Q: 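Supplied in structure tokens, the structure appears directly below.
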Amino acid sequence: MSGVRPWQSNASPVSPAAGSIMRVCWLVSKDGRHQPIRLAHAVCVMIGRSPETKITDKKCSRHQVQLKADYNKGYVLVKQLGINPSYVNSEDLRRDQEVKLKPGQDLYVVNRLYPYTIRFEEGTSDRDTLSPKRTHEEICPNSSSKMSNKHLKTEDSNPRQYHTFNSKSEEKKEKTKDGHLAENSSNSVTLVNSSDASGQKDFKGMWSQGLKVSMQDPKMQVYKDDKVVVIKDKYPKARFHWLVLPWESLSNLKVVRRDHLTLLQHMHQVGQKLVQECLDTDTLKFRLGYHAIPSMSHIHLHVISQDFDSPCLKTKKHWNSFNTDYFLESEDVMKMVEQNGKVTVKDGIAELLKLPLMCHVCQQQQSTIPQLKQHLKKHLS
DNA sequence: GTTCTAGAAC
DNA sequence: GTTCTAGAAC
């Protein structure tokens, strides 16, 4: 990245975006009677006694349950239509009763028989939605290719707040170590082996997967190279607020090991470079670091200016997540990984989010967020 | 992560 | 009465 000033006029043009990322939901027969059935978004699908489900039980209606997937909310609405009860989430359903079926929960189509579960996946082409999840090898048999060039472009839509320098879209993306992000030779991306996606006990909903989608979106990308991508925080808590994300699938700091140290160092260097290249760097201070317990999946390094002048900064949690020890300095994280081979977070660190609001410049306590924001104006040059 | 809103705080 | 926040829902 040395010498690169991505927003300058000689940057490369942006090529057409790859296919937009789409989600797909599968109804999976837990006893393996048949292949997964695709549930399209907001489309009612009837499940019951049929050749497709291979259910021949006469107690099962041909229209036993109606399923409607909601890709935005990350669940499937189950409506019982048959006479005999279906069973979801430890509850027998009545006729016409509707319940939400979430990843990790089971649906028994009738009389606690014929178990199903659902699985949400993501892909960038229609083709990805036509067949169930494939292994990385199935998708990308020759997966040694890597992105080689750095292509950057300026597109400064908001000079005060952002340099939006989109990266030139590369047609082929890299396979990650564990196959989380894989791409075949015809320009489709599928999230496979989503270690923290649907079905996991710590799955919080589709919203928590948003960074994985954003980082793949050329319109969101501010910088990218073969190891990392930078995007603007969608809800910036300061005038400048970027996220540096590795292509490699790392859900959070908990999975980081010594092997990842060079990656963390690279993320830090890219973050520092963003700061150096920022036109307001003379007047603004920046911090680089990680949230101890991030809400969003996929590890991300915050690069944030210390003005905290943003309408998106609204809550005590927002403030304290950047202004207490909940914010782990990138340099401290790297040291920890170097010395201990992993990152450890103190017990009870989430309690820091509830601390009284304190100005990060003069340490004066403020009683409310509006007061704090008013106070912060004093420190703005 | 955000949005929404009931009820606490003023 | 209005402002603000915490927690639920997504």
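Being a predicted model, the structure only gives us computed values, none of them experimental. Only this structure's heavy atoms are used, side chains among them; waters, hydrogens and symmetry mates stay out. Numbers restart at 1 for each chain; the letters A, B, ... are given by sequence-line order, proteins then strands.
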Q: Measure from CD on A/Gln371 to P on B/dA9 and round the result to the nearest Å.
A: 16 Å
Q: Could you state the CG-P distance from A/Leu353 to C/dG7, rounded to the nearest angstrom?
A: 12 Å
Q: From CD of A/Gln374 over to P of C/dT3, roughly how many Å is that when rounded to an integer?
A: 15 Å
Q: Counting only side-chain heavy atoms from C-beta out, which of C/dC4, B/dG1, B/dT3 sits nearest to A/Thr368?
A: C/dC4
Q: Across the strands shown, which category fits A/Lys354 at heavy-atom distances under 4.0 angstrom: base, sugar-phosphate, nothing?
A: nothing
Q: Can you give me the closest heavy-atom contact between A/Lys224 and A/Val229, atom names plus distance?
A: CB-CG2, 4.0 Å
Q: Using only side-chain N and O atoms of A/Lys100, determine if any of them is under 4.0 Å from OP1 or OP2 of C/dC10.
A: yes
Q: Between C/dA9 atom P and A/Leu77 atom CG, what is the distance in whole Å?
A: 16 Å
Q: Flag yes if more than 12 heavy atoms outside A/His379 fall under 6.0 Å of its NE2 atom; otherwise flag no.
A: yes
Q: May I ask you to evaluate whether A/His318 reaches the phosphate of B/dG1, defined as a side-chain N or O under 4.0 Å from OP1 or OP2?
A: no
Q: Please say whether more than 12 non-hydrogen atoms of neighbouring residues, nucleotides or ligands are located less than 6.0 Å from NZ in A/Lys102.
A: no
Q: Under 4.0 Å, heavy atoms only, any strand: does A/Lys317 hit a base, just the sugar-phosphate, or nothing?
A: nothing
Q: Please give, in whole Å, the distance from B/dG1 P to A/Asn320 CG?
A: 13 Å
Q: Going by distance alone, is a donor N or O of one side chain under 3.5 Å from an acceptor N or O of the other, for A/Tyr290 and A/Asn252?
A: no
Q: Rounded to the nearest Å, what distance is computed from the NZ atom of residue A/Lys102 to the C1' atom of nucleotide C/dC10?
A: 8 Å
Q: Roughly, in whole Å, what's the span from CG in A/Leu211 to P in B/dG1?
A: 8 Å
Q: Measure from the side-chain heavy atoms of A/Trp207 and tell me the nearest of B/dT2, C/dC4, C/dC10.
A: C/dC10
Q: What is the distance, rounded to the nearest whole Å, between atom CG of A/Asn252 and atom C1' of B/dG1?
A: 15 Å
Q: Measure from the side-chain heavy atoms of A/Lys314 and tell me the nearest of B/dG1, B/dT3, C/dC4.
A: B/dT3
Q: A quick test of your reading: do over 12 heavy atoms of other residues, nucleotides or ligands sit less than 6.0 Å from CZ of A/Arg257?
A: yes
Q: Counting side-chain heavy atoms from CB outward, which of C/dA6, C/dC4, B/dT2 is closest to A/Lys316?
A: C/dA6
